[in-house]
Amino acid sequence: MDRITEQKQKAAAEAVKHVRDNFIVGLGSGSTAALAIEALGRRIKTENLCIKSIPSSYQAFQLAVDCGIPITTLEEYPQIDVTIDGADQLTPELFLIKGGGAALAREKIVASASKLNVIIADQNKKAQHLGANNQFVPIEVIPFALTPIKHKLAELGAKPVIREVKGKLGPVITDNGNAVIDAYFGEIVNPTELAVKIKMLPGVAETGFFVNLTDIAYIGTDNGVEKIVSKKK
Ligand code: 5RP
């Protein structure tokens with residue numbers, strides 16, 4: 001296992017300790033969240049743990065099925081006990097950018113429905129400010145509005161790039177039938193303000209800014225796991 005995967009694995013192992021018997025668990029998306037889903041599957045087998053899960057993407061859904069984790073819905077359980085998810089970038093205040101896997105809208109819906117939100121990441125995801133290191137902000141857009149939104153994001157100071165699929169020509173289509181624009185802003189001074197401005201643009205389904213949603217982050221390091229607890233929530 002490579003160094004970064006080991007860091008992700010350590011963070012995932014800490015996060016799944018928050019899951020208890022009879023919990024409803026939100027399942028995040030991406031390679032780090034996948035390690036937590038696998039760890040939960042192992043706990044179900046070894047501890048007879050009884051849980052139901054709400055996956056945030058097709059990827060999470062499929063993996064949960066493969067790992068023997070029962071699935072439920074927000075219709076049956078509008079309140080989730082704990083959600084475990086990854087992040088593309090996180091700051092010491094636990095402001096996040098998510099959506100590298102284009103699952104941002106469902107990830108945010110699941111996070112908003114959760115009593116406890118736990119984020120897991122490797123060390124490379126840490127930054128002092130969102131947008132540092134050329135990190136883009138994924139924005140899910142209703143296809144009809146793609147070009148106007150591109151122009152409006154440019155007016156807000158971004159370099160907007162429509163995300164293209166690999167292995168097929170054309171734009172990425174999310175699990176909700178929308179497109180994704182990756183907006184390069186550079187370092188973002190006030191993510192809360194910018195998130196509201198973008199969300200207000202007609203045609204924007206969701207932004208990859210996750211502000212004041214996270215309770216705890218576990219960041220895997222070469223020597224262990226760093227824990228950051230939110231001061232604001
Ligand atoms: C998917 C996400 C992921 O959580 C984020 O992209 C991090 O992925 P990984 O753990 O593979 O680095 O937001 O939409």
Side-chain angles (χ1 to χ4, degrees), residues 1-88 96 98-122 124-125 138 140 163 165-168 172-178 180 208 210 214 216-220 225:
M1 193 186 295
D2 66 78
R3 218 184 109 232
I4 296 300
T5 309
E6 264 178 36
Q7 293 183 2
K8 292 177 181 182
Q9 191 76 263
K10 287 180 199 169
E14 279 309 306
V16 298
K17 291 181 187 166
H18 288 275
V19 177
R20 295 206 296 270
D21 224 17
N22 297 317
F23 264 23
I24 305 301
V25 184
L27 303 179
S29 308
S31 59
T32 321
L35 295 172
I37 295 173
E38 286 168 3
L40 275 178
R42 286 193 293 274
R43 279 195 63 192
I44 287 176
K45 287 191 188 88
T46 56
E47 299 170 35
N48 241 342
L49 185 73
C50 182
I51 60 167
K52 288 180 180 162
S53 72
I54 302 188
S56 62
S57 64
Y58 183 74
Q59 177 222 17
F61 178 89
Q62 203 54 55
L63 188 57
V65 171
D66 292 348
C67 294
I69 305 175
I71 312 274
T72 185
T73 61
L74 283 172
E75 283 76 16
E76 282 187 288
Y77 294 97
Q79 197 173 41
I80 295 171
D81 292 298
V82 58
T83 289
I84 302 172
D85 202 350
D88 297 300
L96 317 180
K98 286 184 49 55
L104 58 154
R106 291 189 187 207
E107 288 172 333
K108 199 181 280 187
I109 292 166
V110 167
S112 306
S114 290
K115 288 190 244 172
L116 184 75
N117 278 298
V118 181
I119 289 294
I120 48 179
D122 60 85
N124 290 338
K125 305 292 177 56
E140 181 162 341
R163 196 182 297 179
V165 192
K166 291 190 180 81
K168 167 190 170 285
V172 162
I173 302 296
T174 68
D175 290 352
N176 314 305
N178 294 320
V180 174
F210 281 52
T214 303
I216 300 171
Y218 291 109
I219 297 143
V225 180

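All values reported here derive from a predicted model rather than from experimental measurement.
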If every non-hydrogen atom of G99 is compared with every non-hydrogen atom of R163, which pair is closest and at what distance?
-> O-NH2, 3.0 Å
Could you tell me the separation between the CG atom of D66 and the CG atom of L63, rounded to the nearest 0.5 Å?
-> 6.0 Å
Test side-chain contact (heavy atoms from CB on, under 4.5 Å) on V118 and V82 and set out the steps.
-> CA-CA 7 Å; V118 181; V82 58; 3.9 Å; yes
Would you call D85-K98 a salt bridge at under 4.0 Å N-O?
-> yes
Closest heavy-atom contact between R106 and N176?
-> NE-OD1, 2.7 Å
With a 4.5 Å limit on heavy-atom distance, are the side chains of I84 and I120 in contact?
-> yes
Taking all heavy atoms of Y58 and all of D175, pick out the closest pair and write down the distance.
-> N-OD2, 2.8 Å
Does T5 reach the main-chain N or O of M1 with its side chain, forming a donor-acceptor pair under 3.5 Å?
-> no
Side-chain donor or acceptor of S114 paired with backbone N/O of N117 under 3.5 Å = no
Does I24 reach the side chain of I54, with side-chain heavy atoms less than 4.5 Å apart?
-> yes
Which heavy-atom pair separates I71 from A64 by the least distance, and what is that distance?
-> CD1-CB, 3.6 Å
Nearest heavy atoms of E140 and L104, plus distance in Å = N-CD1, 4.0 Å
Can you find a heavy atom in the side chain of I51 that is under 4.5 Å from one in the side chain of N22?
-> no
Pair K115 + D81: basic N to acidic O under 4.0 Å = yes
Over all atoms of both residues, closest heavy-atom pair of A11 and A121 | CB-O, 3.8 Å
Are I37 and I69 side-chain neighbours, meaning at least one heavy-atom pair lies under 4.5 Å?
-> yes
Residue pair V25 / I80, side-chain heavy-atom distance below 4.5 Å | no
Atom CZ of R20 and atom NE2 of H18: how far apart are they, to the nearest 0.5 Å?
-> 10.0 Å
Kindly determine whether L96 and I119 satisfy side-chain contact (heavy atoms from CB on, under 4.5 Å), including the steps that lead there.
-> CA-CA 9 Å; L96 317 180; I119 289 294; 3.6 Å; yes
Supply the atom-to-atom distance L35 CG to K10 NZ, rounded to the nearest 0.5 angstrom.
-> 13.0 Å
Nearest-0.5 Å distance that lies between atom NZ in K8 and atom OG1 in T32 = 4.0 Å
Please confirm whether the backbone N or O of I4 pairs with a side-chain atom of D122, one donor and one acceptor, at under 3.5 Å?
-> no
Going by heavy atoms in the side chains, are I109 and L74 under 4.5 Å from each other?
-> yes
Kindly check if the number of other-residue, nucleotide or ligand heavy atoms within 6.0 Å of CG (D21) is above 12?
-> yes
May I ask you to check if K108 and F210 form a cation-pi contact, with NZ or CZ under 6.0 angstrom from the six-membered ring centre and within 45° of the axis?
-> yes
Can you tell me how far the CD atom of E107 sits from the CG atom of L27, to the nearest 0.5 Å?
-> 11.0 Å
Taking the side chain from R43 and the backbone from L49, do they hold a donor-acceptor pair closer than 3.5 Å?
-> no
Here the gap from K45 atom NZ to C67 atom SG, rounded to the nearest 0.5 Å, amounts to 6.5 Å
